[in-house]
Amino acid sequence: MGTFIARMNAAARSDCGDGIGARALKALDAMGGAAELDTATAPLKRAVQGLPLGPLRGVLHGRPLGHPLHPALVQLPVGAWMSASVLDFVPGSERAARLLVAVGVVTAAPAALTGWVDWAEQPDQQMRTGLLHAASMAAAAGLFGASWAARSRGRHRLGRALGLAGLTAAGSGAAVGGHLAYRQAAGANKAEPVPHLVEPGWHTLGRAEEFAEGRPVRRAVGEVPVLVVRESAEVFHVLADRCSHASGPLSEGDVADGCVTCPWHGSVFRLSDGWNVGGPATAPQPCFATRTDREGNLQARLPDAG
């Protein structure tokens, strides 16, 4: 832990010409590389993945929405807490402010659950940074819980002070969450750039006879790797090879029942249209149209390329 703190301090002090924001950013980047934190992340990851959630796990990931559910749910506690803090400056609003604080504390639980479920399926760097985000939000929930208790006993001045401290913790946690989402791309659709990188038109992937039935093969369309699976003599499926969840190589995964499973985190995609039907992925894979030309070459085209 001492080495980790020293690395964070060194990152924050580096490049004396940088502003406070840049130094804080470098400290967060250094946290993502702090392997010492793996002693905490590893057992937490096993515990979260071992929860008996069944089909609910996909809902918590946000698969029905097409994007992570966690960012949507966090609006409830943070919005309630911010509103309570505003009402603290309005005379005669003590009861309404106390109610909003309670709403925030209650709704923080499902928001946290979705966050942990997503966190357990991230790469090591994101999980390390995620610990700071979780700790900040847990501190916020604890402070607002104490604020509610103080307000319930009529100690409104203390309740307001605890609420402002909680809002500060929540704001810090939100900043770290933004770092996770936008700098480290946790939860982002890793396959979204594919249509912008593929040139329009048909691309030759090789001779049709090169592909054995049911065997995943990796080819490339320009600079974009693709997965090729031959279903039968005349039916071929071509998907973007890098998993939309965390860029895992689908061509190294298992093919069964018309689907391919990512070898990294277990996301399952339907070969016929790239739809995500299981695992933590919330976005489908880009799916290519295929044809065999007169010379027996397999060709693929992405309808919305360019």
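Since the model is a prediction, treat every value here as computed from it, not as a measurement.
- A salt bridge between D88 and R151 is present, with a side-chain N of the basic residue lying under 4.0 Å from a carboxylate O of the acidic one.
- Residues L73 and V117 are members of separate hydrophobic clusters, defined by side-chain heavy-atom contacts under 4.5 angstrom among Ile, Leu, Val, Met, Phe, Trp and Tyr.
- Across all non-hydrogen atoms, the minimal contact from P64 to G58 is CD-O, 3.8 Å.
- Side-chain atoms of E252 and P216, non-hydrogen and from C-beta on, never get closer than 4.5 Å to each other.
- Residues forming a side chain to side chain donor-acceptor pair (under 3.5 Å) with T261 (at least two apart in sequence, or on another chain): none.
- Taking the salt bridge (Lys or Arg N to Asp or Glu O under 4.0 Å) definition, one finds that E210 meets it with R219, sequence neighbours left out.
- Aromatic ring pairs are classed by plane angle as parallel below 30°, tilted from 30° to 60° and perpendicular above 60°; the pair F144 and W81 is parallel.
- The CD atom of Q122 lies 10.0 Å from the NZ atom of K45; values are rounded to the nearest 0.5 Å.
- Counting all heavy atoms, side chain and backbone alike, A97 lies closest to A84 at O-CB, 3.6 Å.
- Here the closest non-hydrogen pair linking A283 and F269 is O-CE2, 3.5 Å.
- Not one N or O on the side chain of S251 forms a donor-acceptor pair closer than 3.5 Å with the backbone of R218.
- Under the side-chain contact (heavy atoms from CB on, under 4.5 Å) rule, L239 has a single partner from L271, V229, V194, which is L271.
- Side-chain atoms of R183 never come within 3.5 Å of backbone atoms of D29 as a donor-acceptor pair (strictly under, hydrogens ignored).
- Under the rule for a side chain to side chain contact (heavy atoms under 4.5 Å, CB included), the partners of E295 that lie at least two apart in sequence or sit in another chain are R207, D293, N297.
- Nearest heavy-atom pair across A40 and L131 is CB-CD1, 4.2 Å.
- Distance alone, capped at 3.5 Å, places no donor-acceptor pair between the H203 side chain and the Q299 backbone.
- The shortest non-hydrogen separation linking G214 to V255 is O-CB, 4.0 Å.
- Atoms CE and CD, from M82 and Q75 in turn, are 10.0 Å apart once rounded to the nearest 0.5 Å.
- Panel note: side chain R128, backbone G32; a donor-acceptor pair is recorded below 3.5 Å.
- Separation of atoms CD (E192) and CG (L197) is listed at 9.0 Å; rounding is to 0.5 Å.
- Judged by distance alone, with hydrogens and angles left aside, the side-chain atoms of K190 form a donor-acceptor pair with the main-chain N or O of H245 at under 3.5 Å.
- Summarising the geometry, atom OG1 belonging to T129 is positioned 5.0 Å from atom NE2 belonging to H179; distances are rounded to the nearest 0.5 Å.
- Proximity of a side-chain donor or acceptor of R155 to a complementary backbone N or O of A150 within less than 3.5 Å is not detected.
- With hydrogens and angles ignored, the 3.5 Å screen pairs no side-chain donor or acceptor of Q285 with any backbone N or O of N276.
- By the rule that hydrophobic residues join a cluster once side-chain heavy atoms approach within less than 4.5 Å of another member, L180 and M127 end up as members of separate clusters.
- A chain of hydrophobic side-chain contacts below 4.5 Å, direct or via other Ile, Leu, Val, Met, Phe, Trp or Tyr residues, connects L60 to L51.
- Counting heavy atoms from C-beta on, the side chains of R157 and R160 come closer than 4.5 Å.
- By the neighbour-count criterion of 12 heavy atoms within 6.0 Å, atom CG of D273 is densely surrounded, having more than that number from other residues, nucleotides or ligands.
- With a 4.5 Å cut-off on side-chain heavy atoms, P284 and S244 do not count as touching.
- Under the 3.5 Å distance criterion, the side-chain polar atoms of R230 are matched with a main-chain donor or acceptor of F211.
- Under the rule for a side chain to side chain donor-acceptor pair (under 3.5 Å), Q125 has no partner lying at least two apart in sequence or in another chain.
- Considering only heavy atoms from C-beta on, P123 stays 4.5 Å or farther from W264 through its side chain.
- L205 and L227 are assigned to two separate hydrophobic clusters, defined by single-linkage of ILVMFWY side chains at heavy-atom distances under 4.5 Å.
- A donor-acceptor contact shorter than 3.5 Å is absent between the side chain of S147 and the backbone of L143.
- With values rounded to the nearest 0.5 angstrom, T41 atom OG1 is found 4.0 Å from D38 atom CG.
- At most 12 non-hydrogen atoms from other residues, nucleotides or ligands lie less than 6.0 angstrom from CD of E234.
- Taking Ile, Leu, Val, Met, Phe, Trp and Tyr as hydrophobic and joining them when side-chain heavy atoms fall under 4.5 Å apart, one finds W275 in a cluster with V268, V277.
- By the neighbour-count criterion of 12 heavy atoms within 6.0 Å, atom CG of D304 is densely surrounded, having more than that number from other residues, nucleotides or ligands.
- Between H61 atom NE2 and T282 atom OG1 the span is 9.5 Å, to the nearest 0.5 Å.
- Scored by the ring-ring contact (aromatic ring centres under 6.0 Å, His included) test, W116 finds W119 as partners (sequence neighbours excluded).
- Side-chain contact between L302 and P195: present, with at least one pair of heavy atoms (C-beta onward) separated by less than 4.5 Å.
- In terms of heavy-atom proximity, G145 sits nearest to V105 at N-CG2, 3.8 Å.
- Following chains of ILVMFWY side-chain contacts shorter than 4.5 Å, one can reach L76 starting from L69, so the two form part of one hydrophobic cluster.
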